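Numbers for residues simply follow the sequence, beginning at 1. Predicted, not measured: the structure shown is a model, and the values here were computed from it.
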Amino acid sequence: MLRKLTMDLTNRRDFLKMMGLSAASMALSGCSMTSGKSVPEISGSKPNILIVLCDDLGYGDLSCYGHPHIKTPNLDKLAVEGMRLTDCYAAAPVCSPARAGMLTGRTPYRCGIYDWIPANSPMHLKNKEQTIASLLRDGGYATCHSGKWHCNGKFNSPEQPQPDDHGFEHWFSTQNNAGPSHHNPKNFVRNGQRVGPLEGYSSELIVQEAIDWLGTKWDRAKPFCLFVWFHAPHEPIATSPEFMKMYEGKKEAIYYGNVTQMDHEFGRLMKTLDEMKLRDKTFVMFTSDNGPETLNRYRGANRSFGSPGPLRGMKLHMYEGGIRVPGIIRWPGRTRPGSVCHEPVNGTDILPSLCEMAGVEVPTERPIDGASFLPILQGGKLKRKVPLYWRYNNALSKPFTVAMRQGDWKILADNEMMKFELYNVRKDIAEQNNLADSRPERLEAMKKTLAKLHAEIDAEGPDWD
């Protein structure tokens with residue numbers, strides 16, 4: 001059953017004001033203008049790249065995205081210094097597929113990453129897939145992954161590719177969650193060697209590894225590509241008492257504090273960039289792998305107080321709450337401080353965007369679904385050849401397991417392409433007004449496009465024994 005919206009109409013209006021979505025801006029796509037110079041003219045040397053990913057962080061879970069209680073001063077600062085994306089999407093409404101889409105630039109169904117990957121599963125990101133880390137490594141970058149991996153079932157085994165096989169020269173990672181808890185975990189692996197028991201919380205440990213790599217292992221003759229993938233605020237949530245105390249008396253204190261603790265660690269990483277005088281040379285992007293977990297959806301999810309904001313649905317849904325996520329980018333000299341962009345940006349766009357930044361060729365021998373988002377830095381639109389597409393066969397929004405967005409319009413469908421809903425998500429962010437009956441011409445045109453794309457992607461997805 002779909003979670004009811006947590007905001008009434010009045011609160012949604014307040015949220016849209018917070019987001020910079022006035023009636024006029026909602027009617028128009030596009031972004032705030034930057035300096036007006038083209039990216040090639042101002043690029044100079046290759047930038048350092050930092051991609052920060054949260055796990056199950058909802059669209060409404062940050063202060064700068066309208067949460068009334070959660071304190072996220074460091075991410076709020078990033079939004080003030082850079083560009084906040086109102087229409088940022090994960091590549092899937094669930095963990096492993098979203099990560100595969102981010103790494104490959106391909107809708108994850110093409111790669112055979114259909115769902116979250118249990119330990120020892122045969123499902124994995126195959127060696128034949130070209131990831132952004134491999135492309136950048138071969139293009140002269142030093143590469144590092146710190147945090148949750150979740151792109152294979154047989155983690156740290158020669159039977160399946162590991163983070164280094166996909167381009168990360170240094171890696172400090174877990175297969176899925178930090179275990180047995182996100183406090184004092186025992187299951188991290190560094191470059192193929194088990195680390196053993198650690199003291200601290202996973203967000204702290206992940207950031208410390210990144211800081212240590214920057215300080216002692218990064219070859220400064222090369223630009224760096226650093227992926228920091230938090231476990232927070234995924235269950236089992238473990239939060240330091242000092243951050244829980246900030247929300248004393250609230251039943252949500254463990255969740256709210258967990259997000260604030262992650263924000264604190266993010267701030268520590270940003271401070272390190274400043275101290276190393278790397279701010280002006282580094283592109284930073286912060287986002288989430290999918291929408292927030294539903295409270296008590298499964299045993300152990302009793303701390304999942306995440307918010308989709310004004311969106312319909314949660315994690316595992318094809319409605320916006322499952323796939324639309326926070327997105328903030330900062331590239332000094334390229335992003336105008338405090339700017340807001342309403343152009344749709346997807347996780348699959350990261351590979352072509354970073355390739356363009358780094359002067360690396362995008363693979364041409366396979367379908368790439370993403371598009372470079374660099375035009376939004378100049379107030380433009382993405383030149384998208386493939387519509388935004390999502391598929392998740394186990395979606396809680398059944399019968400709707402497929403979705404596609406073109407411009408302001410979004411269509412939902414079942415796998416058989418027999419049942420449909422149609423929304424204008426620019427005007428109707430909460431997906432309350434199904435326009436399938438009132439806009440038959442639009443529906444038929446999108447059905448035709450979706451059916452063709454769905455069949456093509458379905459045919460490419462491999463079977464797992």
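- Applying the side-chain contact (heavy atoms from CB on, under 4.5 Å) test between Met102 and each of Ile132, Thr287, Asp289, Thr348 identifies Thr287 as the sole match.
- Residues Asp369 and Arg110 are paired through a salt bridge, judged by an N-O separation under 4.0 Å between the basic side chain and the carboxylate.
- Taking the six-membered ring where the residue is Trp, Trp229 and Phe227 present tilted rings, their angle falling between 30° and 60°.
- You'll find the side chain of Lys126 stays beyond 4.5 Å of the side chain of Pro161, heavy atoms only.
- At least one donor-acceptor pair under 3.5 Å links the side chain of Gln432 to the backbone N or O of Ala430.
- Without hydrogens or angle criteria, Asp414 side chain to Lys419 main chain gives a donor-acceptor distance under 3.5 Å.
- Taking both residues in full, the closest heavy atoms of Lys447 and Phe420 are given as CE-CE1, 3.5 Å, listed atom of the first, atom of the second, then distance.
- Judged by distance alone, the side chain of Ser96 and the main-chain N or O of His150 form a donor-acceptor pair under 3.5 Å.
- Side-chain contact annotation: Thr72 with Asp263, donor-acceptor N/O pair under 3.5 Å absent.
- Without hydrogens or angle criteria, Asp61 side chain to Ser307 main chain gives a donor-acceptor distance under 3.5 Å.
- Using a 4.5 Å cut-off on side-chain heavy atoms (C-beta onward), Val189 and Gln193 make no contact.
- With His67 as the partner, the ring-ring contact (aromatic ring centres under 6.0 Å, His included) test is satisfied by one option alone out of Tyr255, Tyr247, Tyr256: Tyr256.
- Put simply, the side chain of Ile323 reaches to within 4.5 Å of the side chain of Glu320, judged on heavy atoms.
- Salt bridge Glu159/Lys154: present, at least one basic N to carboxylate O contact under 4.0 Å.
- Residue pairs meeting the ring pair (Phe, Tyr, Trp, His ring centres under 6.0 Å) criterion with at least one partner in residues 179-207, sequence neighbours excluded, are Phe172-Phe188, His182-His231, His183-Tyr201, Phe188-His231.
- Of the possible polar contacts, one joining the Gln162 side chain to the Ser157 backbone as a donor-acceptor pair under 3.5 Å is found.
- In this structure, Lys186 places its NZ atom where only 12 or fewer heavy-atom neighbours from other residues, nucleotides or ligands lie under 6.0 Å away.
- Under a 3.5 Å cut-off, the side chain of Asp408 and the backbone N or O of Asn424 do not form any donor-acceptor pair.
- Look at Arg366 and Glu129 and you find a salt bridge, because one of the NZ, NE, NH1 or NH2 atoms lies within 4.0 Å of a carboxylate O, short of that distance.
- Summarising the geometry of Ala210 relative to Val228, their closest heavy-atom pair is CB-CG2, 3.9 Å, with the distance given to 0.1 Å.
- Residues His124 and Trp464 bring their aromatic ring centres within 6.0 Å.
- Taking the six-membered ring for Trp, Tyr141 and Phe224 have ring centres at least 6.0 Å apart.
- Atom NZ of Lys281 sits in a sparse spot, with 12 or fewer heavy atoms from other residues, nucleotides or ligands closer than 6.0 Å.
- Counting heavy atoms from C-beta outward, Met83 and Arg330 have side chains that stay 4.5 Å or more apart.
- A salt bridge between Asp349 and Arg384 is present, with a side-chain N of the basic residue lying under 4.0 Å from a carboxylate O of the acidic one.
- The pair Arg303-Glu252 does not count as a salt bridge, with every side-chain nitrogen at least 4.0 angstrom from each carboxylate oxygen.
- If you check the side chains of Tyr59 and Ser288, you find no donor sitting under 3.5 Å from an acceptor.
- Here the side chains of Thr335 and Phe283 are not in contact, with every heavy-atom distance at 4.5 Å or above.
- A donor-acceptor pair shorter than 3.5 Å cannot be found between the side chains of Asn434 and Tyr423.
- Ring geometry for His145 against Trp149 counts as perpendicular: the plane angle is over 60°, on a 0 to 90° scale with 30° as the lower cut.
- A salt bridge (Lys or Arg N to Asp or Glu O under 4.0 Å) with Glu431 holds for exactly one of Arg312, Arg324, Lys410, Arg426; it is Lys410.
- For Ser304 (side chain) and Glu293 (main-chain N/O), no donor-acceptor pair under 3.5 Å exists by modelled atom type.
- With contacts defined as side-chain heavy-atom distances shorter than 4.5 Å, the pair Asn176/Lys148 qualifies.
- His170 and Asn191 share a side-chain donor-acceptor pair at under 3.5 Å.
- Leu62 is listed as a side-chain neighbour of Leu57, based on a closest heavy-atom distance under 4.5 Å.
- Between Arg137 and Glu169 there is no salt bridge, since none of the side-chain N atoms of the basic residue sits less than 4.0 Å from a carboxylate O of the acidic one.
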